[in-house]
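Proteins come first, then strands; the chains are lettered A, B, ... in the order of their sequence lines, and each starts at number 1.
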Protein chains: 2
Amino acid sequence: MELSERKKRILHAVVASHIQTAEPVGSRTVARSYRIGLSSATIRNEMADLEEMAYLEQPHTSAGRIPSQKGYRYYVDHLMGAGQLTEKEELSICRSLSFDKMREIEQIIANAVRVLSSVTNQTSLIMGPQFQKSTFQQMRILPLDETRGLVVLITDSGFIKNKVIDLNQTLSPAELHQVVSYLNQKLYGLSIDQVTTSLINELKRDLFRRLEILEQAFILLEESLREEQQARVFLGGTTNILNQPEFRSVEKIHQMLSLFEKESLLFEILEQNLDEDGIVIRIGTENEHEDIQECTLITAAYKINRRILGSVGVIGPTRMDYQWVIAVLRRLVDQLNETLSSDR
Amino acid sequence: MELSERKKRILHAVVASHIQTAEPVGSRTVARSYRIGLSSATIRNEMADLEEMAYLEQPHTSAGRIPSQKGYRYYVDHLMGAGQLTEKEELSICRSLSFDKMREIEQIIANAVRVLSSVTNQTSLIMGPQFQKSTFQQMRILPLDETRGLVVLITDSGFIKNKVIDLNQTLSPAELHQVVSYLNQKLYGLSIDQVTTSLINELKRDLFRRLEILEQAFILLEESLREEQQARVFLGGTTNILNQPEFRSVEKIHQMLSLFEKESLLFEILEQNLDEDGIVIRIGTENEHEDIQECTLITAAYKINRRILGSVGVIGPTRMDYQWVIAVLRRLVDQLNETLSSDR
DNA sequence: TTTAGCACTCTAAAGCAGCGAGTGCTAACT
DNA sequence: AGTTAGCACTCGCTGCTTTAGAGTGCTAAA
């Protein structure tokens, strides 16, 4: 079901105009401002066709048309071009991410979400790197005082986790060292996913034969793994949705903001698009999750050394400046990948 | 300017009723539901007096009265009793905080703000413990590989900061150890505030004589101090303000939510009440900050081992269930103090 | 000093008219 | 056949008037 060239141009015009103004678009507007060289009457006919084909819809009889979900989809797939960033936008993305090579990964992530929302004027969200998917590098235990120690766990992708633990029995430095190096040897290179409870138990049995200690350390290890089951989701610019005319009513705002407070839900939503490479665009009901079926979610995966770590995206009303947002997101992910991959 | 007993009872009734219903309170309502044993006409006269004395105000001529800021203040200071928590509330505070003795301080804080907002149905905020005010305990450097090391900085109140640094020159373990123990010796027991740039420079000069290294470690030290200049503020239940009838308009919502996004501002606000012991109640314009002069802020300081670390509070419209919110906050802070102080 | 009664005020809700943007249809034009 | 001008029609929006009701302040009687 291919559209005629003329229909394409008209659809394009309607979508573009509606994205800008948030108002229904009338035939007159299309005729005048998008110099198609046809009268409004002709365009009216074409628009009626497009409506019948479900690319456009009418809020009420005497209003202009707005793009339907199908219309946006067609626009995204066939009509829009490649967006261009202004120098200013380019610069702020660059600056806020490239400077931080020394910083910890969580800070880079937090920065990324901040720029993304401030540049796009949308709400943006990013899944923190999944602890689970990174691999064990080393573990240390620092004695703090007579009874307590600090366990530090380091993974390849720059994660550093630490916990204070009780060392029930006082332990000679030599013994402690022995235990720790045993663990390091056993665990090195495993992904955190692979450090299962059963593996831990096995190790524990193994060690108990030699030293009756570190019960606590193991509890910690398990706990810390369980806790991090799920990566954090960082949000930026949540108030930006208040500027969107489609969220003028308090109920809608409430609905969206409550959604944003449910971190685990956001995680699920972001996780679904994780496998796919490149940019994923989900318009309206293309989103599986009910609460965002009036929104568009645009996401992209980011990587460390070519391995996908998490995803970052923008959420807003289906009336979104796709072309531009996609360009921004693409640029940001490139920069993010580079920043993360270099010197790690 | 003491109020007559009767006026007190009427003022009490008006405040109580308005807190519950959010509507202006008429003389009839007071007469009927608060069994004062007077007719509405009498109460009308008294209310007129109270209005003249600025305890009450009238939205418009033919409406009931609502408490003025002064009215709320009087209520808080002289009229309200001690609130009682239900068992359920008591329990959820207890449970969400007492279980976590082993957890890190930031998680306890995060939990606290979550319970507080969910129990009170208000937005709650808590200032993370001030890194600045805690004292240096020890510092370690763990070599990660040939060129990088992990600096771990531990303070008395359970803070653990860490950073990956480049060790430009490779360094023998012995030398590294020497430097670190020198630093530990010099810095132990100082509050982080006291670790000024000039002190660092001094140490640096001192060390340079012996070892031409660790430039990076010092940069880190300085940076990390500067970064943490300001404690984090945790927010909970930001969407709760949407349930308050005084925030029905999108502009007000916008105003409040934007405020919530400015962490540094929230910090300032919380910091002002830091010195005072016990519960601080700021109603309307009693707040210094313009943006919250239509709100009431109730805060309390929390402590570790009797030393004030930060403050936790609730923010909402001036029409707030003071009695109850205060009881909840008081209970929460007690629990929080206990949880934090035990075994640290 | 208290209270019943009453006139008065003001808001919020409901009903109604006119405006204007935009449509669909028809007939004329190229 | 495709395009366009013209026109009647639809319908939400705006502003106006009206009405109902809640609550007041005042006065005069108890």
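- As a whole-Å value, the separation of A/R32 CZ from C/dA21 C1' is 11 Å.
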Provide a list of protein-nucleic acid N or O atom pairs under 3.5 angstrom, restricted to nucleotides 2-4 of chain D.
residue : atom : partner : partner atom : Å
D/dT3   : OP1  : A/R6    : NH1          : 2.6
D/dT3   : OP2  : A/R6    : NH1          : 3.2
D/dT3   : OP2  : A/R6    : NH2          : 3.1
D/dT4   : OP2  : A/S39   : N            : 3.1
D/dT4   : OP2  : A/S39   : OG           : 3.3
D/dT4   : OP2  : A/T42   : OG1          : 2.5
D/dT4   : O5'  : A/S39   : OG           : 3.4

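- Using a cutoff of 4.0 Å between basic side-chain nitrogens and carboxylate oxygens, B/E57 and B/R65 are not scored as salt-bridged.
- Regarding B/E52, its CD atom lies at a distance of 15 Å from the C1' atom of D/dT24, rounded to whole Å.
- Across the protein-nucleic acid pair, A/I43 atom CD1 and D/dA5 atom C1' stand 14 Å apart, rounded to whole Å.
- Checking B/S62 against A/A48, the closest nucleotide of DNA chain C that is more toward the 5' end is the one next to B/S62.
- No salt bridge links B/R282 with B/E288; every basic N to acidic carboxylate O contact stays at or beyond 4.0 Å.
- Atom-to-atom, CZ of B/R44 to C1' of D/dG23 comes out at 8 Å; the value is rounded to the nearest Å.
- For B/M47, taking side-chain heavy atoms from C-beta onward, the closest of the listed nucleotides D/dT24, C/dA21, C/dC10 is D/dT24.
- Classification of A/E246 and A/R319 as a salt-bridged pair holds, one side-chain N sitting under 4.0 Å from a carboxylate O.
- If you measure from atom CZ of B/R28 to atom C1' of D/dG25, you get 17 Å, rounded to the nearest angstrom.
- For B/K7 and C/dT1, the NZ to P distance is 11 Å, given to the nearest whole Å.
- The OH atom of B/Y55 sits 10.0 Å away from atom NZ of B/K8, with the distance rounded to the nearest 0.5 Å.
- Rounding to whole angstrom units, CG of residue A/L50 and P of C/dG22 are separated by 17 Å.
- A salt bridge between A/D77 and A/R73 is present, with a side-chain N of the basic residue lying under 4.0 Å from a carboxylate O of the acidic one.
- Between B/R331 and B/E89, none of the side-chain N atoms (NZ, or NE/NH1/NH2) sits under 4.0 Å from a carboxylate O, so this pair counts as no salt bridge.
- Atoms NE2 (A/H60) and C1' (C/dG22) sit 8 Å apart, rounded to a whole Å.
- Between the B/S96 side chain and the B/S92 main chain, a donor and an acceptor come within less than 3.5 Å of each other.
- If you check C/dG24, C/dT9, D/dG25 against the side chain of B/R65, the one that comes closest is D/dG25.
- A close approach under 4.0 Å does occur between a side-chain nitrogen or oxygen of A/T61 and OP1 or OP2 of D/dC11.
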